[in-house]
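Below you'll find the structure, written out as structure tokens, and then a few comments.
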Amino acid sequence: MEKTRPLPDERGHFGSYGGMFVPETLIPALEEVRAAYDAARRDPDFQRELDAMLGDYAGRPTPLTFCERLTDAIGGPKIYLKREDLCHTGAHKINNTIGQILLARRMGKMRIIAETGAGQHGVATATVCARYGMECIVYMGEEDARRQRLNVLRMQLLGAEVRPVSSGSRTLKDATNEAIRDWVTHVRDTFYIIGSVVGPHPYPMMVRDFHRVIGEESRRQLQEAEGRPAPDAAVACVGGGSNAIGLFYPFLQDPNVALYGVEAAGEGLNGRHAATLTKGSPGILHGAMSYLLQDAEGQVQLAHSISAGLDYPGVGPEHAWLRDAGRVRYVSATDEEALEGVRLLSETEGIIPALETAHAIGWMAKGVRDMARSEVVVANCSGRGDKDMGTIAKHL
Amino acid sequence: MQRLRDTLAACKERGEKAMGLFMTSGFPDPESTLPVLRAMDRGGADFIELGMPFSDPLAEGLPIQRASERALRAGTRMQDTLRTAAAFRDESDTPLLLMGYANPIRQYGAAPFCRDARAAGVDGLILADVPLEEQAPFAREAASARLGFVSLIAPNTPDERIRKIDETATAFVYAVSITGLTGSGLGAVERVEAYLRRARGVVRKNPLLVGFGVRNHADAARLSRHADGFIVGSALIEQVEALWDGEPQPAETRYEAIRRFVRALKTGDGAAQEKTR
């Protein structure tokens, strides 16, 4: 890929994707967030506070684990896992909620709202709100609240109010609609902590920046382990795409690193699935132009995945751009392949991955097998599977 | 576009506040939308906004969300909305706008959409999730099809931005009364009035209409003192919902009830004269 000006442009566009498709009421609020973030990222005090929280509270840096038995089982390249599952709260999501809560505090906004699918972002938001003593309201689809009941209890224990959403598909898409509606209604005193690289500008850029630490640490750690900073390939699951962009971003300019984003193929690509970049088309949802699962009329279609965190008919606009640019290859794993991924990683490495993460593992079983044994792959172990034991028990 | 401009100008000349009324296409059911529009028209609508249902209407409160879901469940497609518009145009000269969200229009294609809307006798377009920053491709196609383009402002929109919005709007400026969703309460009315006075001072090029949370004649009269007119949506949707989902009654009784409700919105008096055509 050519070295180009940094993306997004100042209006939040990644090529033709991104932007700010929101009601007028949110424009001043987005401008306020953009200006505050712009000032914060140049402010050494903000960086220090962020680094301290990532270190002392979230548990960074997370290890880069060489997986000897997984490598042998797959029979291809050397596989390393970036262990975001070891972050406080059990997934990478906390990187972003720490960044955004510090920003909200700088802006003097004491009421925090969030949307959540699997509940990991909700838990990560409730956690930082408890840490700083701030009001926290989390919107969660009824269907997700049912299948991720443990996370609902965690959020409540952390002092958050979980508001079940019963409209539409009762999953992440509708929880996001409700969070946006809440923000429109309480725009003056509320900060909306979006949980993925989706939504209107500046969120896709800001959330990416807070997760870049995943890829940046990986470079340093791989340098120590292998004597070179870049792997031959990097792999991550993609729902909205936050853990993937976090891992990929520091490798985008390096054409020798093959990048694979693994979407949820659900029951199969010709059935019910959540493979937005594989099977969707450009469209506008939740404030941004990106790829979308939609019908011929432009109505958004229901996604399906065994994993609540990937069960989303949209995807971050930067991924849409990377797809069209051909820089990242977007592939997919079915529900069944994800469950195989859970079993494989649990049995070979003693690591039970989240169902989201398991899509990346499940895809690798076939997807990287043909790479040379001398080659190196880094996969993002974005979350741990404790929250999914109910679903896993039902299927395995 | 000219029809809408003429109507708003005529209202002003008569010293009247223009009344815009919103109804979701395909609601309460696909067959009833046209007769409901007819009743709104006969009750005294100065212009009508026909809502294009969308799966994720994020500026809407519950009444319009429900109406939109119901219309989509009944299979309402963009072609049906355009057909309803054309049928309405065949029988009335009242200005008609289409209101909705960007994605269905993008999917249809902004250029063919504007062309087909114009051919169906539509006068203008309102997109709830397309602010100044994103409007160029839509506004351009609307202009070349000679459709008016309505732009929205909100209570937290700064003066300088209101000025820019006024410059680019070609039909009217839609003042969203509150920071909130359609169908919300107005809250402290003095605050809404102060905002409308501020907007009135800045909006020079276009008529200024106020909407969101206007439920009855008293709201309409109070707020439109500072504007050229008002828009009612959710309250009317709730009326229709109650009429269709309540006790069974003859269709004509329902349409008469809508006409009465609409007349009362405009005049404060349900028995006032029906609009003569």
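Note on naming: letters A, B, ... go to the chains in the order of the sequence lines (proteins, then strands), and numbering restarts at 1 for each one.
No side-chain donor from either of A/H273 and A/E267 sits under 3.5 Å from a side-chain acceptor of the other. With 3.5 Å as the limit, one finds no donor-acceptor pair spanning the side chains of B/Y174 and B/N206. Checking B/E60 against B/Y101 by side-chain atom types alone, a donor-acceptor pair falls below 3.5 Å.
Contact annotation for A/P282: both backbone and side-chain heavy atoms come within less than 4.5 Å of a heavy atom of chain B. Neither the backbone nor the side chain of A/D182 comes within contact range of chain B; no heavy atoms are under 4.5 Å apart. In this structure, the portion of B/L72 lying under 4.5 Å from any heavy atom of chain A is its side chain and not its backbone. Proximity to chain A is limited to the side chain of B/E69, based on heavy atoms less than 4.5 angstrom apart. Of the atoms belonging to B/L62, not a single heavy atom falls under 4.5 Å from chain A. Contacts between B/T179 and chain A at a heavy-atom distance below 4.5 Å involve backbone atoms as well as side-chain atoms. Residue contact with chain B, scored on non-hydrogen atoms closer than 4.5 Å, involves the side chain of A/V187 exclusively. Using a 4.5 Å cut-off between heavy atoms, A/E31 does not touch chain B at all. Interface remark: B/R161 contributes side-chain atoms only to the contact with chain A (heavy atom separation under 4.5 Å). Looking at B/F54, both its backbone and its side chain come within 4.5 Å of chain A, counting heavy atoms on both sides. With a 4.5 angstrom heavy-atom cutoff, B/R106 touches chain A only via side-chain atoms. Only the side chain of A/Q294 comes within contact range of chain B, with at least one heavy atom under 4.5 Å from a heavy atom of that chain.
Using modelled atom types, no side-chain atom of A/E318 and backbone atom of A/F14 make a donor-acceptor pair closer than 3.5 Å. Looking at B/S224, its side chain never comes within 3.5 Å of a backbone N or O of B/F230 through a donor-acceptor pair. Side-chain N or O atoms of A/S305 include none that pairs as donor or acceptor with a backbone N or O of A/D311 at under 3.5 Å. Of the possible polar contacts, none joining the B/S68 side chain to the B/P53 backbone as a donor-acceptor pair under 3.5 Å is found. Although no hydrogens or angles enter the test, the distance criterion places no donor-acceptor pair under 3.5 Å between the side chain of A/T190 and the main chain of A/I112. Proximity of a side-chain donor or acceptor of B/D80 to a complementary backbone N or O of B/R77 within less than 3.5 Å is detected.
Between chain A and the options B/T157, B/I153, B/I105, B/V130, heavy-atom pairs under 4.5 Å are most frequent for B/T157. Ranked by heavy-atom pairs under 4.5 Å with chain B, the list A/D174, A/V300, A/D295, A/T176 is led by A/V300. The most heavy-atom pairs under 4.5 Å with chain B, out of A/S167, A/G283, A/G168, come from A/G283. Comparing B/Q79, B/E134, B/Q65 by heavy-atom pairs within less than 4.5 Å of chain A, the highest count is held by B/E134. Between chain B and the residues A/H186, A/R181, A/E24, A/Q299, the largest count of heavy-atom pairs under 4.5 Å involves A/R181. Each of B/S151, B/G61, B/P155, B/A128 has some count of heavy-atom pairs under 4.5 Å with chain A, and the biggest count is that of B/A128. Highest contact tally toward chain A, considering only B/L132, B/V176, B/D56, is held by B/D56 [criterion: heavy-atom pairs under 4.5 Å]. Among A/L26, A/I180, A/N177, the residue with the largest count of heavy-atom pairs under 4.5 Å with chain B is A/N177.
Centroid-to-centroid, the aromatic rings of A/Y203 and A/Y37 stay 6.0 Å apart or farther.
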ring-ring contact (aromatic ring centres under 6.0 Å, His included) assessment of B/F47 paired with B/F172: CA-CA 12 Å; B/F47 66 91; B/F172 60 83; 5.4 Å; yes

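The pair B/R215-B/E238 meets the salt-bridge criterion, since a charged nitrogen lies less than 4.0 angstrom from a carboxylate oxygen.
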